[in-house]
Each structure stands twice: as structure tokens, then as C-alpha cells.
Amino acid sequence: MPAITLPDGSQKHFEHSVSVAEVAASIGPGLAKAALAGKVNGELVDTSASIDRDATLSIVTDKDPEGLSVIRHSTAHLLANAVQELFPEAQVTIGPVIENGFYYDFAYKRPFSTEDLAAIEKRMAEIAAKDLKVHRRVLPRDEAVAHFKRIGEHYKAEIISAIPQGELISLYGQGDWEDLCRGPHVPSTGKLRAFKLMKVAGAYWRGDSRNEMLQRIYGTAWANEKQLKEYLTRLEEAEKRDHRRIGRELDLFHFQEEAPGAVFWHPKGWALFQQLINYMRQRQTEAGYQEVNTPQVMDRDLWVKSGHIETFGENMYMTQTPDERVFALKPMNCPGHIQVFKQGLRSYRELPLRLAEFGAVHRYEPSGALHGLMRVRAFTQDDAHIFCTPDQITAESVKITDLILSIYRDFGFTDVRIKFSDRPAKRVGSDEIWDQAEMALRHAAAAAGIETTLNAGEGAFYGPKLEFVLRDAIGRDWQCGTLQVDFNLPARLGASYIGEDSQKHMPVMVHRAMFGSLERFIGILIEHHAGKLPAWLAPVQAVVMGISNSQDKYCLEVAENLKNQGLRVETDLRYEKVGFKIREHTLKRVPFLLIAGEREVEARTLAVRTRGGKDLGSLELAELNTLLCDEVASRGRLVLEDRVSQRRSG
RNA sequence: GCCGGCUUAGCACAGUGGUAGUGCAACGGUUUUGUAAACCGUAGGUCGGGGGUUCGAAUCCCUCAGCCGGCACCA
């Protein structure tokens, strides 16, 4: 005699056990039709699941996030169903839900082509149109293993073999087709209406590069056509923000074959780069860092001592000189900074000692990893190492975390994910040291009041780390900032200081980077702002142009004046219509277009137009000067456009 | 590194075995112009590199490189 409590608090009583679908039908035919799954006492179940005792129930429809997940999961099954109908020899493996969709990995004798993809999608639509009932059955584990072995699904059999003996295994399917699955699934294939297969790709079985490669098909699925269309439009928009494309359009940088993974910075891109360095130099000087510079090329032996050769030797650039000495191009700055620390006898009074470097490093990254500015082989880190005592770790880490988050805010990034990465399998140092380092970093994260997600086994080979992750235009995450606690390298490279007790002690080294790679950070900045960099960062902040060439002299004069204020200003005196010039510089994302006609020359003003297309009218030169300088100096906290419109309306 | 795709003028692209094309940009000329594209003309490519098949290759095959999408990797 179950009593079902619904989300609005009302109760329904039933004589016998009832299914989720029956409860939905008892509420109304619309809900019965919309029901995709149910949530019984918080647990997601099929609409066919029966309830035989008192419970809370909410009916899950495509309006709920869980409903969308169920749709995606069922669409992955639909995909597998279609693939096996068209390619009976293909074996199924796994097909999880991911952000915006799903994928399914198949083992097949050849890769799927884009033509195959179209055929598969068509077959999926056909199966969906038949509105087949989705069925479920349960088998004991061993029977399930035997069953999948018998039908030639060896990957599935392997997956089930890992499930503890004695457990029941559920199988879901539609028509004659069936697959291992925990569920839940939609009640029938007709509920799957808005999906699209996106791409094929290779993927290793169980994510291990020692295993064979499977054929992965990615798809997207939504509650309705409208949502699907919106998603596809969003992808198109994101593509327009791609930093590689904007970098070319704005003439910021280029790559070429002779230097794979290395950037040729053009004047405008380099202006941005320098702007970031200036900014960071100021912030870290204020925070008590001292800047140093260490050699690009150092003897291989140093990297053997540090442990880098053993862990990353394959990814290091080596050089040999005519005298046959082998040198490595530095892939990191830490050993260099330790050499600076080691000069002379250090006292505990000097700690914490914060050494920073805009360090150019080279890493021979796997060819398949390269990606525009986001993953390069030659890049610049805003690197620093803080040499301190064990009891200074927490305070230093809190300072670093605060500084990183404050810096990200200045650039407009507020959605920052922080991961805590603990000891990796391949590491140096004893477990006791790792316990100590992980404990220290955990304390620090707690003291800084930040939320972290655990990234198990992803720490550096010498210590655990916090990773600060920013997201690009199409939702890919990139690690930028990092904070690592290291008890190992100082010992390996023999760093020490004299303590209060007149004895030698080993310092702890805290590694930190805030931009991480300046190249990557610029890539993310470009995408985040779709190329419309805030005025304080824009390579060209304003262009002064005349209506006709009669204003040339005036334009040059006012531009000169603004340049003397430290603003990055250009003139455009070409013999072209003003509309033409406005179009060009707007497309180049120049924040301010300053236009002079006869009226402006007469009144010693400039007409101001923003790259957003807003005409702010004419401003006195002195006033304009102040407003521009304020916006730049305040890093966008004072906005010229807002201040002008406020003044006008007030 | 692995799987797949791609590489034609500065950029975006067309061209499936028979004399390399279009648009924009560039350059030259005319137009002195009031807030997102004036008009006319000119030039530009050993079709990513190398090798092969063929009477003949941008086009078919092999190979190398780079790039793109994933996977693996990321100190």
C-alpha cells in the first residue's frame, strides 16, 4: 500500500505496487507522455520501475537536467544499435554521457568514415521513428559474462568480469538489440528527437596508450530541435572566437613549419605580451618577489641531478657543442633558481625568499598535443620559487592563492576551477616526504578558503600541486596557474640555509606560476574577449582619423599628444571615406575611434566612436585625454563610455 | 606518439587524369569623402616537400613535414 509523496508535498495512495509511469498517468496524460524517468527517494530509475513501499517521487522529464542526461545516454545506445545493424562485426565497449552529448567507442576492423557517420545517423533516426519500447532484463554476473562472450562482445565481457561476483547485471535494449547498462533509459526510442553525430576519432581502450585503439563516435543530443540548433549555433560562434583565427585577423602572431609549436610574435601581439609582463612585474614586486634571470642552456648533468632527465628526458631539447659537451635547453626554471639560492650561505632571516623569472622554456611536446598558443613547445612562464621554512608554507600558499585569483579578476576571469593533484605513480622522494607535502598543501588550501576538486595521481614528480584552470571559448579547460609544494628538489640539488640553531636546514620550495604560460594565457584572453581586449590591454587603443585630408595636421597633433600620455594610438590619414576606415578599425577591434572633421578642428574636440558602434559625440581634447587615461590606468574599472553617457543623462 | 582528415595566391575557397580559377586583401589610377565596404584597372601560384605510375598528375600511389579533430601525454 505505497504512499507516494510528490515534489509539491501532496501524497498519492495506491493499493498495490505501482510503476513510475502509472503514477505519472494518474497525475495527468501530459505528464505520462513527457515522463522519461523517475526519481524515487532521490534515485534515478526507469519509468517502468515499480514502487512497492512509501516513497518520494518526482517524474523526470526533458525539462530536468537528469532528463537530458537520460536522453543522451539513450541516444548513445541508439547509436550503438544503429552501428551494429549497419556493421554487425563492430563490438560495443562503453558509451557515456559527456557535456552537451555523449560518445560511444567501438572496436571495428577499420575506422568509420564521414559517409558512415551520415548512414549511421540516418539509421538512428529510423529506429527512433519506430518508437520501439526500451526493455530491460537482469542476469547474474557470470551468466552475463557468458552471454556476452557467446555473442562475441569481448570488451563487454571484460567490463562485466570486473564487477564483483554475485551482483546482478542489467541489460537494456530495443527491438532485437541489447547492451549492458546500468540505466536508466527513456521508455521508448520515440523520445529521442534531437540528436546529431559530430565526429569520429580514435581513442584507446580503457584510456591507456598501450592498448589498442577503438573508434569513438561523438554525438550531441537535446530535448528538442530548438535546443539542438542553439547548441550548433553556439559552436559556430565559439569558432569565430578561436584565438588562432583572431590572431591572424588582428595580426598578432603566426606559426610556420620551420618552428612547430613556437610563436612568431608580430608587433601588435608583442605589445600585448609586454603589457602582461609589465602588469605581472608590478603585481609581483608589490607582493615581495625579486626578479632574476637564469641560463637557457645548462649542462645535462644538472638535469640528471634534478631528476628531470629520468622523468622527462624524452621531452627535452638537447644540444651538443663542438667540444662534445651535452647541454639541455631548460624545460623549467626551478634548477636555475636553486643555483641562485645556493650562492653564498643563506640565513633563515632571508626566508621566505621569493625569486621570480619570466622564463623562456622549451619542451619537446608530443606532436599531437600542439594546439595554437594553448600548447606550444617554446613558451614563457611567469615562474617563481619561494624558498621558505616548513612553517611558512601555509602563509605563503595563501598569499599566492589570493594573488592568483586577484590577478584573474583583473583580466575578467571569475569562473576558475581549482584542482588538488596528489602524488603520481612516477615520482621522486619518500612517502613520508609526500605525506608531509600533501598535508601542508591541504592545510594551505583550507586556510585560503578555496574549494578544490581532487585530481588523483596528477601531481608533479617532485610534489603535490594546486592547478588553476580556465576554460576556453568551446568549453575546453586549460591549466594556467599552479602552486606546488616541493620537499624534493632542494634536497636533490643541495639547497640549504642556516637556521636559528646555527645548523644547516633544507628549505622547502614552493613553485608557482600565475599566467602559467604567457602564450596560453594570451590565447585564453583572446577567446574570452572574442578579440575585443579591454582598452588597457589592446595593442592599439585608439585610431585618430580625419573626414578628409584637410584634418591631417590636426589628427597628427592630437595623436602625438595622446601618445605622450603613454597611450597606444595610431593615425589613419588614408584618402578613404570615413565609413571605410571605421569599418576596418572596428573589425580590428580597436576600442576607440577618434574622428575629426571641420567642426572638431574648429572646436578643438574629437568625435568618439566605440568599437561597439556607439557614437559618444564630441569631447574636448583635455577631457578625452583624462577619460582615456583613467580607463587604461584603472584597468577598465573606470569606463569612458559609461562616464560619458552618465554625464550626458545626468 | 596513436587514429582519422586536411594542405591550391596574403586570407577564405572552387577545381577527380588533358593549358590553374572566384571573392576579399594587395598594388596603380580616379574620387577630398561626417560614423561598418566609392569606381576602374593591374599584378600575384614549380597546387606543402620528395619519389613513383602515366604520352600527360593539383587530381592516382608511396613517403616525409606541417596543420585540424580526438586519444594518450602535459615538469
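Within every chain, numbering begins at 1; the chains are lettered A, B, ... in the order of the sequence lines, protein sequences first and strands thereafter. Side-chain atoms are counted along with the backbone in the values below, which use heavy atoms only and exclude waters and symmetry mates.
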[X] near the nucleic acid: base, sugar-phosphate alone, or nothing, with a heavy-atom cut-off under 4.0 Å?
X: Glu600(A); value: base
X: Ser548(A); value: base
X: Tyr218(A); value: sugar-phosphate
X: Lys577(A); value: base
X: Glu249(A); value: nothing
X: Ala369(A); value: base
X: Arg248(A); value: sugar-phosphate
X: Phe112(A); value: nothing
X: Arg245(A); value: nothing
X: Pro260(A); value: sugar-phosphate
X: Lys426(A); value: nothing
X: Gly579(A); value: sugar-phosphate
X: Gly207(A); value: sugar-phosphate
X: Pro111(A); value: sugar-phosphate

Do any N or O atoms from the side chain of [X] and from the backbone of [Y] form a donor-acceptor pair under 3.5 angstrom?
X: Glu310(A); Y: Val304(A); value: no
X: Thr220(A); Y: Asn100(A); value: yes
X: Glu458(A); Y: Ser421(A); value: no
X: Asp382(A); Y: Met514(A); value: yes

What is the distance from [atom1] of [X] to [atom2] of [N], rounded to the nearest Å?
X: Phe580(A); N: rU30(B); atom1: CZ; atom2: P; result: 17 Å
X: Leu594(A); N: rG34(B); atom1: CG; atom2: P; result: 19 Å
X: Asp208(A); N: rG1(B); atom1: CG; atom2: P; result: 19 Å
X: Leu370(A); N: rA72(B); atom1: CG; atom2: P; result: 17 Å
X: Tyr317(A); N: rC74(B); atom1: OH; atom2: P; result: 17 Å
X: His511(A); N: rC74(B); atom1: NE2; atom2: P; result: 17 Å
X: Tyr575(A); N: rG28(B); atom1: OH; atom2: P; result: 15 Å

At under 4.0 Å, does any side-chain N or O of [X] touch on OP1 or OP2 of [N]?
X: His371(A); N: rG70(B); value: no
X: Lys199(A); N: rG70(B); value: yes
X: Arg244(A); N: rG69(B); value: yes
X: Ser367(A); N: rG1(B); value: yes
X: Lys581(A); N: rG34(B); value: no
X: Arg476(A); N: rG70(B); value: yes

What about [X], does its side chain sit under 3.5 Å from the base of [N] through a donor-acceptor pair?
X: Gln256(A); N: rG48(B); answer: no
X: Arg609(A); N: rA36(B); answer: yes
X: Arg375(A); N: rC73(B); answer: yes

- request: Just say parallel, tilted or perpendicular for the rings of Phe413(A) and Tyr408(A), cut-offs at 30° and 60°.
  value: perpendicular
- request: Give the ring-plane orientation class for His308(A) versus Trp303(A), where under 30° counts as parallel, over 60° as perpendicular and anything between as tilted.
  value: perpendicular
- prompt: Of all the nucleotides listed (rG70(B), rA38(B), rC74(B)), which has the minimum atom distance to the side chain of Arg363(A)?
  reply: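 Looking only at heavy atoms from C-beta outward on Arg363(A), the closest nucleotide is rC74(B).
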Pairing check on [N]: which nucleotide meets the Watson-Crick or G-U wobble criteria with it, both distances under 3.5 Å?
N: rG21(B); result: rC13(B)
N: rU31(B); result: none
N: rA65(B); result: rU7(B)
N: rA37(B); result: none
N: rU59(B); result: none
N: rC2(B); result: rG70(B)
N: rA43(B); result: none

field: Test side chain to side chain contact (heavy atoms under 4.5 Å, CB included) applied to Gln484(A) and His385(A), Arg512(A), Lys465(A), the passing residue
entry: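 Passing option: Lys465(A).
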query: Are Phe106(A) and Val92(A) close enough that some pair of their side-chain heavy atoms sits under 4.5 Å apart?
result: yes
task: Decide yes or no for Ile522(A) and Phe253(A): does some side-chain heavy atom of the first lie under 4.5 Å from some side-chain heavy atom of the second?
output: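 Ile522(A) vs Phe253(A): side chains apart.
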statement: RNA chain B nearest-nucleotide lookup for Glu257(A) and Tyr204(A): closer to the 5′ end is Tyr204(A)
- prompt: Between Met213(A) and Arg520(A), who's closer to the 5' end of RNA chain B by nearest nucleotide?
  reply: Met213(A)
field: Quiz item: cation-pi between Arg520(A) and Phe515(A), 6.0 Å / 45°
entry: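 Negative - Arg520(A) is either too far from the ring of Phe515(A) or too far off its axis.
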query: C1' atom, rA14(B) versus rU8(B): distance in rounded Å?
result: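 Here rA14(B) and rU8(B) have their C1' atoms 10 Å from each other.
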query: Does the salt bridge (charged side-chain N to carboxylate O under 4.0 Å, His left out) test come out yes or no for Asp572(A) and Lys588(A), once each step is laid out?
result: CA-CA 13 Å; Asp572(A) 185 351; Lys588(A) 295 275 185 201; over 6 Å; no
task: Scan residues 583-592 of chain A against RNA chain B and write down, sorted by residue number, each residue with any heavy atom closer than 4.0 Å; if none is found, say none.
output: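 Per residue number, the list reads Arg583(A), Thr586(A), Leu587(A).
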